[in-house]
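Here's the structure, in structure tokens; my notes come after.
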Amino acid sequence: MANRMGLTLLSRSDNVGVARVALAAFAAQLSFTLSDLEEIKVAVSEAVTNAVSHAYPGAEGEVAVSATADGDLLTVEVRDAGVGIPDVAAARAPSFTTVPDRMGLGFVFMESFMDELEVSSAPGQGTTVTMRKRCRPQAG
Amino acid sequence: MANRMGLTLLSRSDNVGVARVALAAFAAQLSFTLSDLEEIKVAVSEAVTNAVSHAYPGAEGEVAVSATADGDLLTVEVRDAGVGIPDVAAARAPSFTTVPDRMGLGFVFMESFMDELEVSSAPGQGTTVTMRKRCRPQAG
Amino acid sequence: MPVHLTHQLMTNYLIIRVSGELDLHAALEFRHKVEDELARTSSKHLLLDFTALTFIDSSGLGAILGRYRTIRQLPGKMSIFGAGGTVRRILELAGISKLIPLCETERQAASC
Amino acid sequence: MPVHLTHQLMTNYLIIRVSGELDLHAALEFRHKVEDELARTSSKHLLLDFTALTFIDSSGLGAILGRYRTIRQLPGKMSIFGAGGTVRRILELAGISKLIPLCETERQAASC
Ligand SMILES: Nc1ncnc2c1ncn2[C@@H]1O[C@H](COP(=O)(O)OP(=O)(O)O)[C@@H](O)[C@H]1O
Ligand SMILES: Nc1ncnc2c1ncn2[C@@H]1O[C@H](COP(=O)(O)OP(=O)(O)O)[C@@H](O)[C@H]1O
């Protein structure tokens with residue numbers, strides 16, 4: 001039967017690591033390889049970092065991370081109630097960033113390291129990022 | 001300013017580790033020693049294990065773990081909506097257990113490893129365990 | 001870090017090496033592994049190698065005490081070696097060390 | 001695991017050893033540490049020791065590229081050594097290795 005978890009954090013840089021370890025421990029219940037788990041950590045880190053860096057400019061808000069583990073499928077959702085993204089397609093493009101000093105690689109890494117990425121956002125409506133990754137049957 | 005987090009899990013044995021690492025990562029933001037963090041892990045493990053083992057006999061339910069870090073004070077609350085404890089004072093006594101094969105040391109460890117422990121429970125009303133621990137100023 | 005269990009059969013005893021975290025979830029796996037290996041190898045004496053054990057709580061202690069009862073009925077002997085830091089403190093705090101010798105090395109554990 | 005930064009001043013270059021996780025939170029500390037040590041020691045060449053770096057994401061990459069810009073303006077040279085596993089893959093995926101040489105050892109890094 002499916003397992004699920006929910007995690008609520010404040011949009012602070014020192015909470016990104018909390019999300020990362022919690023999600024990695026949760027994902028470890030499926031038969032992901034160590035390298036898969038590293039990739040999941042990067043993807044979660046990017047999604048939570050975005051909520052922390054972009055969603056609440058000059059203010060503090062909540063970031064909700066939830067996950068389900070169902071069969072071989074991990075689904076991770078990172079949600080904020082922040083400013084939202086005016087043009088999601090543009091934001092997902094490599095090197096696109098609205099903050100000098102950032103790389104514009106967050107969405108690129110989420111896409112590279114997970115099997116699927118959905119971004120649902122609108123100005124003033126917050127942002128929800130949904131990522132999915134399947135574990136492959138292990139050899140042996 | 002205070003930091004806070006909330007974590008919701010299903011009452012499954014493989015979720016105890018998720019709570020443990022998440023809370024340890026959160027607590028690490030305060031200036032606890034490594035040995036303090038080990039103690040916090042044990043206390044969280046005991047409280048979540050109790051909710052998993054005792055709160056929902058023969059069923060699955062939710063376990064909510066929340067924490068705040070305020071100044072030098074960590075507060076952890078572990079809450080379930082399960083069967084509750086008829087006699088809290090008796091349950092807290094060393095070696096008291098209602099499950100053969102268990103040690104009856106859960107509450108004892110929570111008490112030993114944290115500065116304060118409050119248990120609020122009644123039959124049919126669920127159980128809330130609140131634990132507090134302060135970090136001491138570090139030498140140097 | 002999930003628990004990881006390996007075993008090694010010596011002339012006079014069985015060693016179970018436990019690495020990772022021995023909590024409620026791992027306790028079940030630990031119990032099965034130890035009981036299965038004791039039966040399969042007809043061993044009477046058990047050494048637990050805790051060198052790489054990073055965490056234990058009261059559920060883990062319960063699993064150890066359960067195996068202690070099995071061993072006493074055989075009757076056989078049981079000892080623990082390599083436990084350090086918080087793991088050792090918890091074994092001592094719970095009084096496990098009064099029942100099961102805590103040794104530094106395998107050699108010491110094998111001879112007590 | 002939070003980031004941990006140490007430095008070592010050699011005749012011709014400054015080494016910053018980074019252990020733990022280089023994410024958004026650590027990036028700030030990394031930036032300050034590197035900029036401070038470069039200024040304090042008047043170093044022009046920077047070697048980053050990633051042997052004990054266990055995690056990096058795009059915020060960590062941004063902090064590295066920012067220091068690369070500082071070094072180029074001096075002008076000086078910068079290289080990275082000891083990066084393995086997923087850390088190395090991410091440095092390569094992001095094209096960092098096209099700008100900053102990724103070396104196996106300190107010796108190689110010091111001579112490129
Ligand atoms: N949760 C969010 N809330 C508001 N804006 C966001 C959010 N996530 C991403 N964005 C926008 O999308 C852009 C691209 O994001 P990303 O690819 O992660 O790169 P970076 O974070 O380095 O800028 C960001 O610069 C920001 O403008
Ligand atoms: N969350 C809970 N819900 C219901 N009963 C509980 C809960 N926590 C503890 N108890 C009761 O208190 C007893 C003592 O708990 P504890 O000291 O942790 O020992 P143990 O878990 O080993 O039995 C348990 O055996 C159980 O009957």
Side-chain angles (χ1 to χ4, degrees), chain B residues 9-25 32-56 63 78 91-114 129 131, chain C residues 1-5 18-35 48 50-73 78 80 82-100 102:
Chain B
L9 298 165
L10 294 177
S11 59
R12 296 183 178 195
S13 65
D14 49 357
N15 287 336
V16 177
V18 176
R20 210 158 51 220
V21 299
L23 270 288
F32 285 113
T33 62
L34 282 183
S35 148
D36 285 337
L37 292 174
E38 287 301 315
E39 296 185 350
I40 292 163
K41 270 193 180 179
V42 176
V44 169
S45 202
E46 297 298 346
V48 176
T49 294
N50 275 355
V52 168
S53 309
H54 305 300
Y56 307 102
V63 184
V78 178
R92 290 178 64 160
S95 298
F96 179 95
T97 180
T98 51
V99 180
D101 258 25
R102 292 196 57 81
M103 304 275 295
L105 287 179
F107 284 127
V108 175
F109 280 2
M110 290 180 235
E111 211 149 8
S112 308
F113 292 141
M114 303 291 280
V129 168
M131 305 181 281
Chain C
M1 188 177 24
V3 80
H4 184 69
L5 305 166
V18 188
S19 66
E21 309 192 321
L22 196 52
D23 67 356
L24 179 66
H25 192 66
L28 213 82
E29 202 177 325
F30 175 80
R31 189 177 78 198
H32 289 142
K33 174 82 176 178
V34 177
E35 300 286 340
L48 295 177
F50 281 180
T51 311
L53 184 64
T54 55
F55 177 88
I56 195 166
D57 61 12
S58 74
S59 305
L61 295 179
I64 296 172
L65 272 193
R67 302 311 59 74
Y68 175 68
R69 283 186 215 111
T70 304
I71 291 286
R72 275 221 309 201
Q73 278 171 9
M78 177 168 166
I80 292 171
T86 308
V87 169
R88 194 187 182 96
R89 253 178 74 212
I90 286 179
L91 292 169
E92 282 165 354
L93 192 71
I96 297 281
S97 49
K98 286 179 212 142
L99 299 174
I100 308 169
L102 297 188

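Lettering of chains follows the sequences in order, A, B, ..., and the numbering in each one begins at 1. Every heavy atom of this structure was used, including side-chain atoms; hydrogens, water molecules and symmetry mates were not.
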Using a 4.5 angstrom heavy-atom cutoff, name the option from C:G62, C:G85, C:A27 with the most pairs to chain B.
C:G62
Below 3.5 angstrom, are there any donor-acceptor pairs between chain C and chain B, and if so, which atoms and how far apart?
| from | atom 1 | to | atom 2 | distance (Å) |
| --- | --- | --- | --- | --- |
| C:E21 | OE1 | B:R20 | NH2 | 2.6 |
| C:D23 | OD2 | B:R20 | NH1 | 2.9 |
| C:D23 | OD2 | B:R20 | NH2 | 3.0 |
| C:H25 | ND1 | B:S13 | OG | 2.6 |
| C:H25 | ND1 | B:D14 | N | 3.4 |
| C:D57 | OD2 | B:S45 | OG | 2.7 |
| C:S58 | N | B:E46 | OE2 | 2.6 |
| C:S58 | OG | B:E46 | OE1 | 2.7 |
| C:S58 | OG | B:E46 | OE2 | 3.2 |
| C:S59 | OG | B:R102 | NH1 | 3.4 |
| C:S59 | OG | B:R102 | NH2 | 3.4 |
| C:R89 | NH1 | B:E39 | OE2 | 3.0 |
| C:R89 | NH2 | B:E39 | OE2 | 2.5 |

side-chain contact (heavy atoms from CB on, under 4.5 Å) against B:A22, all qualifying residues, sequence neighbours excluded:
A:A22, B:M5, B:L7
C:I56 CD1 to B:F109 CZ distance, which is reported to the nearest 0.5 Å
8.5 Å
Okay, B:V52 and chain C: the region with an atom under 4.5 Å from a heavy atom over there is side chain
